[in-house]
Amino acid sequence: MNNKDIAKILYEISDILEIQNVQFKPRAYQKAAMNIETLDEELKEIYKKGGIKAIDALPGIGESIAQKIEELLKTGKLKYYAQLKKQFPMDIAGLTSIEGLGPKTAAKLYQKLKIKNLKTLEAAARTHKISKIKDFGEKTEQNILRGLEFLKSSGNRMLLSEALPLAEKIIAELQKVKGAKKVVYAGSIRRMQETIGDIDLLAVSDHPKLIMDAFVGLPEVESIHSKGETMSSVRLKIGRDTDLRVLPPKSFGAALQYFTGDKNHNIEVRKIAIKRGYKLNEYGLWRGKKIIACETEEEIYKKLVMETPPPELRTASGEIEAAKKNSLPKLVGYNDIRGDLQIHSEQTDGSASIEEMADAARKMGYKYMAITDHTKSLAMTGGLNEKKLAQQGKEIDKINKKFQISNFKFQILKSAEVNILKDGSLDINNETLAKLDIVSAAVHSNFKMSRVEMTARIIKAMQNPYLNILFHPTGRILGRREGYQIDIDAVIAAAKKYGVALEIDAYPNRLDLRDEHIRKAVEAGIKLVIDTDSHSPAHLQFMKFGIAQARRGWAKKTDILNTLPADKLLTAFKNLKKK
DNA sequence: GCCGTTTTCGGCCCGACTGTTTTCAGTCG
């Protein structure tokens, strides 16, 4: 029984308690489930080490839920859950994945029509049995059928790199509407989360109706979920939902605050407001019937006696406590990066020449970049061997000389994405590695090793005296694969011991390290780099996603080595090795 | 059922929109 299984059961208990109109408990179970999902250690392990006490100590989990987890870990079953399930034996998670269908509706459908899952739901909707139940009608039935179609056609969430340009395009169209003073994105896009469910937009306008009409009439819109004076929700043709809120100009800051933080952040902030005798909603911070702050986010947070957390941090994971103590970190900025340390050329699997990539990097305002082609054991990319790496080095020397003559103040660093073999050795000899400016390495094969073996393999590679950076340390690909099993704490400890920096790979479907790993690395005091893993000039633009990832991991400028000028960067790598 | 800068007891975030009915429950973010 792993964390996912346990969380799923707790979510289901929450839903059933919700159906039974139990007060407060649903939220408690939901919170516990959410916290369990984000743990990076298995409850099984935590229990083995610290027993029920250690489980009880986890946030959102108290005596009662801890006991239930213990029962699940020991027996694989939970009596309390089985009892609840007897009354409501339907697939609640499946049924409630339909937009607009919640646990209570699922319960009614079960009680009236014995609907247990999506299959029986569809059959009932198609034969018009649903519209005949009391409290249900024609529209509800249609909405259920539409929801079923949507589920069949859509995948999970979209990448930030897909959502951001789409949001920007819609914003550009809405800004043309008469009376539109401001249109911005909020929600998970403003937090720069790695994946996005819905797009949340905010507009400020004195003519809300005009902008709402324009919004639901956009060519990208497929259908309208709801349309009101201040809020509308649509489904786009690409199968994604977008919500727009229109507010009076004065409420802009309050609305931005309200619609940026995730649910947990907002709950926490509103609690603080209540404690201080206020009420906080999307129109402002209220004392009684009087608004005392609303125009900017800063004045609202200030009235609550705290700093304004950067949007990327607003997930109730410590930023509120830090903001109260004025101890929020000064995060690495979107303009702090001076060079990109993972770039591929056409000599392996890139699409452009070294010089073309360098031109693109200079246009980004960088002072340097590293060419990191694959090495020989990655046969499918035509990986370079020792001889070809030496040749590439000579070519780089020539281009650098040319740049010097043109007074470009830009340097190409010699590097490589060296393969870590199954036994943890590198596939390029040390003599050749010694001649590179920076040595980076990554795992590209044998992904399915056990956690113990994979961790040992990577740590062995980190012991190589020439290794400077471990690229995309977990190997995960968003929407495709989990990543290999590693003990991230052990890898971080090894990074510290052997003077190796860890990469934050900015490629939109990698974003590897993950935010919580970055945070651990920062706390452990190890150094990081942010690279794009570019295979074409256009990919260099991905840097902002890597920086966002670093920010969500609480990384400061000083934690990120490629915020340094080239000479200091190379010295920093050397110094890491001396320790 | 959880939690603690009001608290080991008494609180627990907030509002808009829909659908189906006539005043609101359910859902969503």
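Not measured: the values here are computed from a predicted model. Quick note on labels: first sequence line is chain A, next is B, and so on, each numbered from 1.
- Lys325(A) comes within 4.0 angstrom of nothing in the nucleic acid, heavy atoms only.
- At a threshold of 4.0 angstrom between heavy atoms, the contacts of Lys275(A) include nucleobase atoms, whether or not backbone atoms are also involved.
- Counting non-hydrogen atoms under 4.0 angstrom, Lys263(A) reaches a base of the nucleic acid.
- When the nucleotides dC17(B), dG29(B), dG26(B) are ranked by their closest atom to the side chain of Ser226(A), dC17(B) comes out on top.
- Of the candidate nucleotides dC2(B), dC14(B), dG26(B), dC14(B) has the atom lying nearest to any side-chain atom of Asn281(A).
- Against DNA chain B, the stretch residues 294-311 of chain A makes no heavy-atom approach under 4.0 Å.
- Counting any heavy atom pair closer than 4.0 Å across all strands shown, Ile98(A) reaches sugar-phosphate atoms only and no base atom.
- Residue Glu138(A) is in sugar-phosphate contact alone, with no base atom involved, counting any heavy-atom pair closer than 4.0 Å across all strands shown.
- Here Tyr283(A) reaches the OP1 or OP2 of dA16(B): one of its side-chain N or O atoms lies under 4.0 Å away.
- Straight-line distance between the C1' atoms of dG11(B) and dT5(B): roughly 16 Å, to the nearest whole Å.
- Out of dT18(B), dG26(B), dG29(B), the shortest distance to the side chain of Lys108(A) is found at dG26(B).
- With hydrogens and angles disregarded, a donor-acceptor distance shorter than 3.5 Å links the side chain of Asn266(A) to the backbone of Tyr258(A).
- Between dG19(B) and dC12(B), the two C1' atoms lie 29 Å apart (nearest whole Å).
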Quiz prompt | Stepwise salt bridge (Lys or Arg N to Asp or Glu O under 4.0 Å) check, Lys209(A) with Asp213(A) | solution = CA-CA 6 Å; Lys209(A) 196 175 175 312; Asp213(A) 289 344; 3.0 Å; yes

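- At a threshold of 4.0 angstrom between heavy atoms, the contacts of Asp135(A) are confined to the sugar-phosphate backbone, with no base atom among them.
- Lys324(A) comes within contact range of no nucleotide atom at all, as no heavy-atom separation falls under 4.0 Å.
- For Lys279(A), counting side-chain heavy atoms from C-beta on, the closest listed nucleotide (dG29(B), dG15(B), dA16(B)) is dG15(B).
- Using cut-offs of 30° and 60° on the angle between ring planes, the pair Phe542(A) and His539(A) is parallel.
- On the P atoms, dT21(B) is 25 Å away from dA16(B), given to the nearest whole Å.
- Between dC14(B) and dC9(B), the distance separating the two P atoms is 26 Å to the nearest Å.
- Atom P of dT27(B) sits at a distance of 14 Å from the matching atom of dT20(B), rounded to the whole Å.
- A donor-acceptor contact shorter than 3.5 Å links the side chain of Arg551(A) to the backbone of Val332(A).
- Listed nucleotides: dC2(B), dA16(B), dG29(B). Nearest to the side chain of Ile65(A): dC2(B).
- In this structure, Glu321(A) does not pair ionically with Lys324(A), as no charged nitrogen and carboxylate oxygen lie closer than 4.0 Å.
- As judged by a 4.0 angstrom heavy-atom cut-off over every strand, Phe259(A) is placed among residues making no nucleic acid contact.
- Closest to the side chain of Lys68(A), out of dG1(B), dA16(B), dT27(B), is dG1(B).
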Exercise. Output, in order, the C-alpha distance, side-chain angles, deciding distance and verdict of side chain to side chain contact (heavy atoms under 4.5 Å, CB included) for Arg514(A) and Ile488(A).
Key: CA-CA 11 Å; Arg514(A) 299 214 308 256; Ile488(A) 193 73; over 6 Å; no

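- Among the nucleotides dG29(B), dC2(B), dA16(B), the one closest to any side-chain atom of Ser64(A) is dC2(B).
- Phosphate proximity of dC14(B) to Asn266(A): absent, as no side-chain N or O sits under 4.0 Å from OP1 or OP2.
- Between dC2(B) and dT8(B), the distance separating the two C1' atoms is 12 Å to the nearest Å.
- Considering only side-chain atoms of Lys139(A), the nucleotide from dT18(B), dG26(B), dT20(B) that sits closest is dT20(B).
- In this structure, Lys112(A) is not positioned above the aromatic face of Tyr110(A) in the sense of NZ or CZ being under 6.0 Å from the six-membered ring centre and within 45° of the axis.
- Across dT27(B), dC14(B), dG1(B), the shortest atom-to-atom separation from the side chain of Ile274(A) is found for dC14(B).
- Side-chain polar atoms of Tyr11(A) and Glu37(A) form a donor-acceptor pair below 3.5 angstrom.
- The nucleotide whose nearest atom lies closest to any side-chain atom of Thr140(A) is, among dA16(B), dG19(B), dT27(B), dG19(B).
- Contact check of residues 17-33 of chain A against DNA chain B (heavy atom, cut-off under 4.0 Å) returns Phe24(A), Lys25(A), Arg27(A), Ala28(A), Tyr29(A).
- Side-chain contact, Thr140(A) with Asn143(A): no donor N or O sits under 3.5 Å from an acceptor N or O.
- Pair check for dT8(B) finds none; no Watson-Crick or G-U wobble contact set falls under 3.5 Å.
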